[in-house]
There are 2 protein chains.
Amino acid sequence: MPASQRRYDPDRRARIVRAALDVIAERGVAETTHRRVAAAADVPLGSMTYHFATLDALLADAFSLLADTVSARFTERLAAAATVDEAREAVVDLIVDESWATPRNMLLSYELYAYAARNPPLRRVMQAWMAQSQAALRRHFPPDTAKVLDAMIEGLSIHRSVDAEPMARDQIRAVVERLTADPAGAVPGAGQR
Amino acid sequence: MPASQRRYDPDRRARIVRAALDVIAERGVAETTHRRVAAAADVPLGSMTYHFATLDALLADAFSLLADTVSARFTERLAAAATVDEAREAVVDLIVDESWATPRNMLLSYELYAYAARNPPLRRVMQAWMAQSQAALRRHFPPDTAKVLDAMIEGLSIHRSVDAEPMARDQIRAVVERLTADPAGAVPGAGQR
DNA sequence: TCCCGATGCGTACATATGTACGCATCGCCT
DNA sequence: AGGCGATGCGTACATATGTACGCATCGGGA
């Protein structure tokens with residue numbers, strides 16, 4: 001009787017990738033090792049090198065999964081908005097709501113930023129992520145505004161995760177309104193000079 | 001004749017800390033080791049454990065130095081502004097100019113974010129950094145605006161460092177003006193509704 | 001049904017790493 | 001002037017890590 005059964009385990013590969021994200025979230029890239037991920041995914045060490053040529057390859061897959069997942073959620077939330085006002089509210093939600101700017105997601109994003117800064121393929125993943133976000137915003141706002149909003153979401157989310165006393169929802173809504181108000185519309189020439 | 005002279009080397013400790021930042025910038029926290037920092041600072045390995053109880057202690061000192069340095073520069077640039085218009089221009093500079101949002105600084109910031117997320121003392125360092133930035137902004141803008149501006153600087157800087165085609169200076173100035181325009185002041189009722 | 005390639009599993013091994021330690025040497029305080 | 005504590009320096013060592021490898025086993029296509 002063998003100490004451990006051989007398992008039939010399709011989608012083991014996917015499970016390893018998810019486990020990698022867990023380990024990164026809990027320990028950081030610096031302490032993410034084959035053995036820790038293997039333990040988290042409940043697979044033997046040998047399985048790591050079988051499914052992934054190198055540790056960096058695994059990290060790349062993990063971060064790509066992160067980008068896809070979070071990006072999809074972002075797009076979904078914005079697609080649910082029918083009017084511009086609803087879109088504005090969606091943006092506020094994305095910043096304030098606990099469902100997107102999760103501590104875990106913020107943490108993973110930081111790790112990704114640091115990692116991608118030195119890794120061209122991952123850099124492209126980040127760029128694609130940004131492009132996707134802006135595309136989602138462009139469904140409701142003009143291109144320039146979309147870019148600005150995207151950056152604002154980024155900045156406010158980060159500060160929210162660090163600041164001891166984060167801004168109130170109302171303040172954030174006010175900011176979003178300021179950034180999305182149509183300058184050419186209501187009062188021509190007002191904001192200029 | 002000994003292979004290497006014993007050196008008189010005050011401020012060796014400070015040099016090690018600076019070298020640590022160099023290594024982090026070049027290799028990332030994940031690949032920052034005693035030996036690499038020692039080589040970068042041109043000191044023997046034994047010197048590391050003499051000056052720093054642990055590798056984490058060294059990293060903490062390095063990141064604190066980063067925060068102090070960058071924060072001072074930020075404050076300095078803003079203090080140079082005499083009028084609100086000049087302050088606005090300073091903010092634009094901080095985002096666009098190559099002197100603050102250096103690739104190196106951005107990179108180091110990412111590493112810090114990731115590291116601080118799991119390290120309470122460093123977290124406090126980050127909070128102090130943020131507080132300092134906002135205090136500098138409050139010299140020219142009301143508190144709420146200062147917070148928003150700070151977040152906007154963060155977001156735009158990051159996106160600038162990732163985006164293949166970053167926003168033009170004029171666009172950024174327009175954003176800053178939008179965020180800092182006094183709604184109650186110049187053109188009553190203009191920006192509302 | 002059969003078999004072969006894909007997948008599972010354990011282990012080995014060279015290397016890099018954090019940290020401790022012992023001794024040498026010199027600046028600085030009295 | 002003297003000595004002592006701080007600082008410099010080399011090295012040792014246990015451990016963790018990335019990766020390779022060999023064999024076992026099973027599922028699914030021919």
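Note on naming: letters A, B, ... go to the chains in the order of the sequence lines (proteins, then strands), and numbering restarts at 1 for each one. Nothing here was measured: the structure is a model prediction, and the numbers come from that model.
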Assess the residue pair A:Glu154 and A:Ser109 against the criterion (side-chain contact (heavy atoms from CB on, under 4.5 Å)); give the C-alpha distance rounded to whole Å, side-chain angles, the decisive distance to 0.1 Å, and a yes or no.
CA-CA 10 Å; A:Glu154 180 85 52; A:Ser109 299; 5.7 Å; no

To the nearest angstrom, the CE-C1' distance between A:Met48 and C:dG8 comes to 12 Å

Whole-Å distance, B:Arg35 CZ to C:dG18 P, equals 7 Å

Verify the contact: side-chain N or O of B:His51 to OP1 or OP2 of D:dG8, cut-off strictly under 4.0 Å; return yes or no.
yes

Notebook entry, point to check: Hey, does A:Arg13 reach any base, or is it just sugar-phosphate, or nothing, if we go heavy atoms under 4.0 Å?
Noted result: nothing

CG of A:Asp61 to CZ of A:Arg18, rounded to nearest 0.5 Å, is 12.5 Å

Residues passing the salt bridge (charged side-chain N to carboxylate O under 4.0 Å, His left out) test with A:Glu31, sequence neighbours excluded, are A:Arg27

B:His34 NE2 to C:dT17 P, in whole Å, measures 11 Å

For A:Ser161, the side chain to side chain donor-acceptor pair (under 3.5 Å) test, sequence neighbours excluded, returns A:Tyr110

Hits for ring pair (Phe, Tyr, Trp, His ring centres under 6.0 Å) against B:Phe52, two or more places apart or cross-chain, chain-then-number order -> none

Whole-Å distance, B:Ile16 CD1 to C:dG18 P, equals 14 Å

Sorted by chain and number, sequence neighbours left out, side-chain contact (heavy atoms from CB on, under 4.5 Å) with A:Asp68 holds for none

Atom CZ of B:Arg15 and atom C1' of D:dT7 are separated, to the nearest Å, by 13 Å

>> At less than 3.5 Å, do the side-chain atoms of B:Arg12 and the base atoms of D:dG8 form a donor-acceptor pair?
In response: no

Determine: side-chain N/O of A:Arg7 to OP1/OP2 of D:dC26, distance under 4.0 Å, yes or no. no

Rounded to whole Å, the CG-C1' distance (A:Asp11 to C:dG8) equals 15 Å

Within residues 17-30 of chain B, the residues having a heavy atom closer than 4.0 Å to DNA chain C are none

Ignoring backbone atoms, establish whether B:Thr33 has a side-chain N or O less than 4.0 Å from OP1 or OP2 of C:dA16. no

Rounding to 0.5 Å, atoms OH (A:Tyr50) and CG (A:Leu45) come to a distance of 15.5 Å

Sorted by chain and residue number, the side chain to side chain donor-acceptor pair (under 3.5 Å) partners of A:His140 (sequence neighbours excluded) come out as none

From CZ of B:Arg36 across to C1' of C:dT15 the rounded distance in Å is 13 Å

Hits for side chain to side chain donor-acceptor pair (under 3.5 Å) against A:Arg160, two or more places apart or cross-chain, chain-then-number order -> none

Residues passing the side-chain contact (heavy atoms from CB on, under 4.5 Å) test with A:Glu86, sequence neighbours excluded, are A:Ala81, A:Ala82, A:Thr83

If each end axis of the helix from C:dT1-D:dA30 to C:dT30-D:dA1 is fitted on five C1' pair positions, the angle between them, to 10 degrees, is 20°

Heavy-atom contacts, protein to nucleotides 20-30 of chain C, under 4.0 Å, summarised as B (base), S (sugar-phosphate only) or - (none) per nt, yield B---BBSSS--

### Query
Looking at A:Tyr50, does any N or O in its side chain come under 4.0 Å of the phosphate oxygens OP1/OP2 on C:dT7?
yes

Contacts of A:Phe74 meeting ring pair (Phe, Tyr, Trp, His ring centres under 6.0 Å) (sequence neighbours excluded), chain-then-number -> A:Trp100

Residues at least two apart in sequence or cross-chain that pass side chain to side chain donor-acceptor pair (under 3.5 Å) with A:Asp93, listed by chain then number, are A:Arg77, A:Arg169

